[in-house]
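Each chain gets a letter, A, B and so on, in the order its sequence line appears, and its residues count up from 1.
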Protein chains: 2
Amino acid sequence: MDQPPRPPTIDDVAKAAGVASSTVSRAFSRPGRVSFETSERIHRVAAELGYRTTSLARALPGGTTSMIALAISDITNPFYYEIIRGAQSAASEAGYTILLADTQESGTHERATLDRAVATVDGIVLATTRMSDSAIRMTAKQRPVIVLNRAVSDVPCVITDNPRGVRRAVEHLAELGHQRLTYLAGPEASWADGMRWRSLRETAMELELHVRRLGPFPPTVAGGARAAAEFAAHPTSAVVAYNDLVAIGAIRALTAMGARIPRDVSVIGFDNIFTAELVTPPLTTVAAPLAAMGRTAVGNLLAIVRGARPRAQAPVTLPCRLIVRRSTAHRRRYRTSPAWATTSVSGSADSAGRSTDAGSR
Amino acid sequence: MDQPPRPPTIDDVAKAAGVASSTVSRAFSRPGRVSFETSERIHRVAAELGYRTTSLARALPGGTTSMIALAISDITNPFYYEIIRGAQSAASEAGYTILLADTQESGTHERATLDRAVATVDGIVLATTRMSDSAIRMTAKQRPVIVLNRAVSDVPCVITDNPRGVRRAVEHLAELGHQRLTYLAGPEASWADGMRWRSLRETAMELELHVRRLGPFPPTVAGGARAAAEFAAHPTSAVVAYNDLVAIGAIRALTAMGARIPRDVSVIGFDNIFTAELVTPPLTTVAAPLAAMGRTAVGNLLAIVRGARPRAQAPVTLPCRLIVRRSTAHRRRYRTSPAWATTSVSGSADSAGRSTDAGSR
DNA sequence: CTGAAAGCGCTAACAA
DNA sequence: TTGTTAGCGCTTTCAG
C-alpha cells in the first residue's frame with residue numbers, strides 16, 4: 001500500500017502487450033497508424049496496468065508543456081477571480097493548463113516565483129505585475145509574455161481604457177455637482193494607479209474640478225479604511241478610489257464615522273468586482289471586462305506560443321464602462337462642516353488634534 | 001527577434017565554458033562540489049547565454065516536479081480564495097508550485113482535467129471535488145491525494161466540523177425563538193451539502209424544531225435568488241443556507257420582495273467568505289478556517305509526497321465557529337401572513353398566481 | 001504496419 | 001575536482 005508504486009512506463013505496457021514501445025507510443029498519439037487489433041490490445045493492457053503517458057517526458061523533446069503561468073499579485077483580491085476564470089477557460093479550451101503564481105504584492109517575490117515557473121511553462125501572463133519594466137523585458141526574452149493591466153514597451157500588453165473610464169467617472173461626478181474630488185491611491189508600483197491618477201488630473205483640469213490625491217494605500221478593504229481616516233481630516237464631497245476594495249473599505253469606515261454615503265460623500269471605485277453590487281450602498285464603479293481580459297491575454301499569449309509574431313507596439317485596449325449604482329449622488333452644500341468629519345474644509349480648528357490622530361497610521 | 005530562440009541547453013554552457021555538462025549540472029545543483037573558479041566561470045557564461053535549468057528534464061529521472069495540483073470546482077466562488085491563499089503559501093514555503101485546475105462544477109470535466117494534471121504533479125489537493133468516491137480512490141492510487149471538504153474512506157481528508165457548526169447555528173436560531181427553519185440546499189454532488197442537511201435534521205429533531213429542505217440550488221448568488229423565490233411560497237422565520245453565496249442571494253431576493261432581514265426572516269450562511277461581513281445586513285455564518293484548510297491540506301499532502309504514511313482512516317477535522325452578525329434576530333410572531341410572502345403559511349390563496357410565477361425559473 | 005535506434009536536457013554513478 | 005557513461009520515459013526518424 002505504498003503510495004507511489006512506481007507508475008507503469010510505456011515499456012511495461014510494450015512488454016505486456018508484446019510490442020515495441022514505439023508502437024505503444026503510436027497507439028496513444030497517432031491512432032490509425034497502428035492496426036486496429038494491436039491498438040485494441042495495447043489499450044486494454046495499458047488500462048489494466050493503469051498506464052498513463054507522462055506529459056513530462058512527452059514534453060521533453062520539444063520542450064513544450066502545454067502549461068502557461070498566470071502571475072497575480074494577490075490571489076485574495078477579488079479583482080482576479082473573473083480574470084482567472086477567463087484565462088482558465090481560454091486555456092483549457094486550447095488544451096493548456098494554468099500554473100498559478102501568487103506573487104504576494106512583491107516584485108522580488110514575483111521574480112523568484114517566476115524564475116521557477118519560467119522554465120516549466122510555454123508562456124506567461126503577468127496580471128498586474130509589480131516588477132520593473134526592465135525585469136519584465138528580461139522575462140519576456142526567455143518566454144512569451146503577455147502583460148495585463150499595464151503597458152510596457154516592447155512587450156505585448158492587454159490593458160483597459162483607463163483614461164476613458166476615468167473621464168466617464170469624473171463627468172458623472174461633475175454632473176452631480178461635485179467640484180472637489182479626492183483620489184484614494186493604490187500601490188505605488190501599480191501601473192493602473194499611475195494611469196488613473198494622471199487621467200484624473202487631466203480630466204479634472206479640463207472640467208475645471210479640483211482634485212487631490214491621498215495615499216498610497218494597500219489595495220484592500222483595510223487600505224480603504226485607512227484612506228478614509230486620512231480623508232476625514234479634510235473631506236471632499238466626492239472620492240474616486242483606486243479600486244472597488246478601497247472604495248468599499250472607505251465607505252465602511254466613513255459610515256462608521258457617521259457619514260452617510262452617498263448623501264455626504266459620493267464614492268466611485270474601479271473594476272466592478274463581484275462584491276461591488278452586493279455592498280450597501282451598491283457601488284458606482286468603472287467596470288473592467290475582467291473575464292475578457294483573462295481570455296484575451298491567454299488567447300494572445302497562445303498565439304505567440306504557436307509562433308505568431310507578437311505585436312508589441314500597441315497594447316490591446318479593452319473598453320470599460322461606468323456602472324452607476326447607489327454610491328454616488330448629488331452634492332449637498334454644507335453650511336457648516338460635516339458633523340462626521342474630523343476637521344472641516346473651512347478650517348474650524350477645534351478638532352485639529354483628532355485630525356492628526358485619525359490621519360496617522 | 002523571434003520569440004523563442006531555442007533556449008540554451010546545459011551543453012551549450014558546457015561547451016562555452018570548456019567543461020563537461022555534468023560539471024555545469026553540479027555547478028547549479030551542488031555548489032561546493034565544483035572549484036570556485038570553475039563555478040564562477042560557469043555561472044558567468046550561463047548568465048551571458050541566458051541559460052536556465054529546465055525543471056522538466058530535471059524532473060524526469062526521479063519524476064518529481066515540485067508542483068501540486070489544486071482542483072477546485074469553480075474558481076469564481078469566493079469560498080476558495082482563502083483556501084487557495086493558504087495552499088499557495090504553504091506550497092511556496094516548501095518550494096512547491098501550484099497548478100490550478102478549475103473543474104467547473106462537473107465531475108466529468110474534473111476527471112479530464114485531473115487526468116492531464118496527474119502526470120505532471122507530485123500530488124493533488126481535491127478541494128470540493130464533485131467526483132465519485134471510487135473515482136477519487138482511483139486518482140489516489142496514481143498520486144498522493146488529499147481531499148478537502150469531504151470524507152472519503154481510504155483517502156486522507158481534511159474537513160471542517162460541520163455537525164458542530166450546524167449545531168451552533170441551530171442553537172442560535174432556537175435561542176432566538178425560531179421554531180421552523182428552511183434549509184436552502186447546495187449541489188447534490190456536494191458532500192458538505194449532505195453533511196449539513198443531515199446534521200441539521202438531527203440537531204433540529206433534538207431541539208424539537210421543524211426543518212424542511214428546498215433545493216438543490218447552484219451554490220451561487222443567483223442560486224440563492226432562485227431559492228428565495230421558492231422559499232417565498234411557504235416562508236419560515238429562519239433559513240439556513242448551504243453557503244454564504246446562497247444566503248446572500250436569498251437575502252437580496254427576499255429584500256427585493258419586500259421582506260426585511262432579519263426582522264422578517266433570519267438567515268445563516270456557511271463559510272464566512274470575505275463578502276459576508278460586507279453585505280447588508282452583515283451575514284451571520286458558520287465560519288470555516290479557510291486559509292488553515294488550504295495550509296493543512298497542502299502540508300499533509302507534502303508530508304505524504306515526502307514519504308510519510310498517509311493516515312487515511314480518520315479525516316483531519318478543523319473546527320468551525322458561528323459568527324453572529326446582523327442577519328439573524330428574534331422571531332416575530334405574525335398574526336397574519338407576511339405581506340411580502342407569495343403565499344402565507346396559513347394559506348391565504350389570493351396571491352397563489354404570483355406564487356407560481358415567483359417560484360418558476 | 002511495426003521494430004530498432006537515436007536522442008530530448010539533465011542527473012547520477014563511476015572513474016580518473 | 002572533473003570527465004565519462006548511462007539512462008529517465010517518450011517521440012521520432014529510418015528501416016524492414
Between the protein and nucleotides 10-14 of chain D, which nitrogen or oxygen pairs come in under 3.5 angstrom?
unit_1, atom_1, unit_2, atom_2, d
D/dC10, OP1, A/Tyr51, OH, 3.0
D/dC10, OP1, A/Thr54, N, 3.4
D/dC10, OP2, A/Ile10, N, 2.4
D/dT11, OP1, A/Arg58, NH1, 2.9
D/dT11, OP2, A/Ser25, OG, 2.6
D/dT12, OP2, A/Arg30, NH2, 2.6

Nearest-Å distance, [atom1] ([X]) to [atom2] ([N])?
| X | N | atom1 | atom2 | value |
| --- | --- | --- | --- | --- |
| B/Ile42 | D/dT1 | CD1 | C1' | 11 Å |
| B/Arg33 | C/dA12 | CZ | P | 10 Å |
| B/Asp12 | C/dG9 | CG | P | 8 Å |

Inset, instruction - Mind listing the closest non-hydrogen atom pair of B/Trp191 and B/Ala151 along with its distance? - result: CE2-N, 3.4 Å
Inset, instruction - Verify the neighbour count for atom CZ of A/Arg306: are there more than 12 heavy atoms of other residues, nucleotides or ligands below 6.0 Å? - result: yes
Legend entry - B/Val19, nearest nucleotide to its side chain (from D/dT2, D/dG3, C/dG3): D/dG3
Donor-acceptor contact below 3.5 Å, side chain [X] vs main chain [Y]:
| X | Y | answer |
| --- | --- | --- |
| B/Arg130 | B/Ala189 | no |
| A/Arg41 | A/Ala17 | yes |
| B/Ser89 | B/Gly86 | yes |

Legend entry - N/O (side chain, A/Thr38) to phosphate O (OP1/OP2, C/dC1) under 4.0 Å: no
Inset, instruction - Applying side chain to side chain contact (heavy atoms under 4.5 Å, CB included), name anything that partners A/Ala291, two or more places apart in sequence or on another chain. - result: A/Glu82
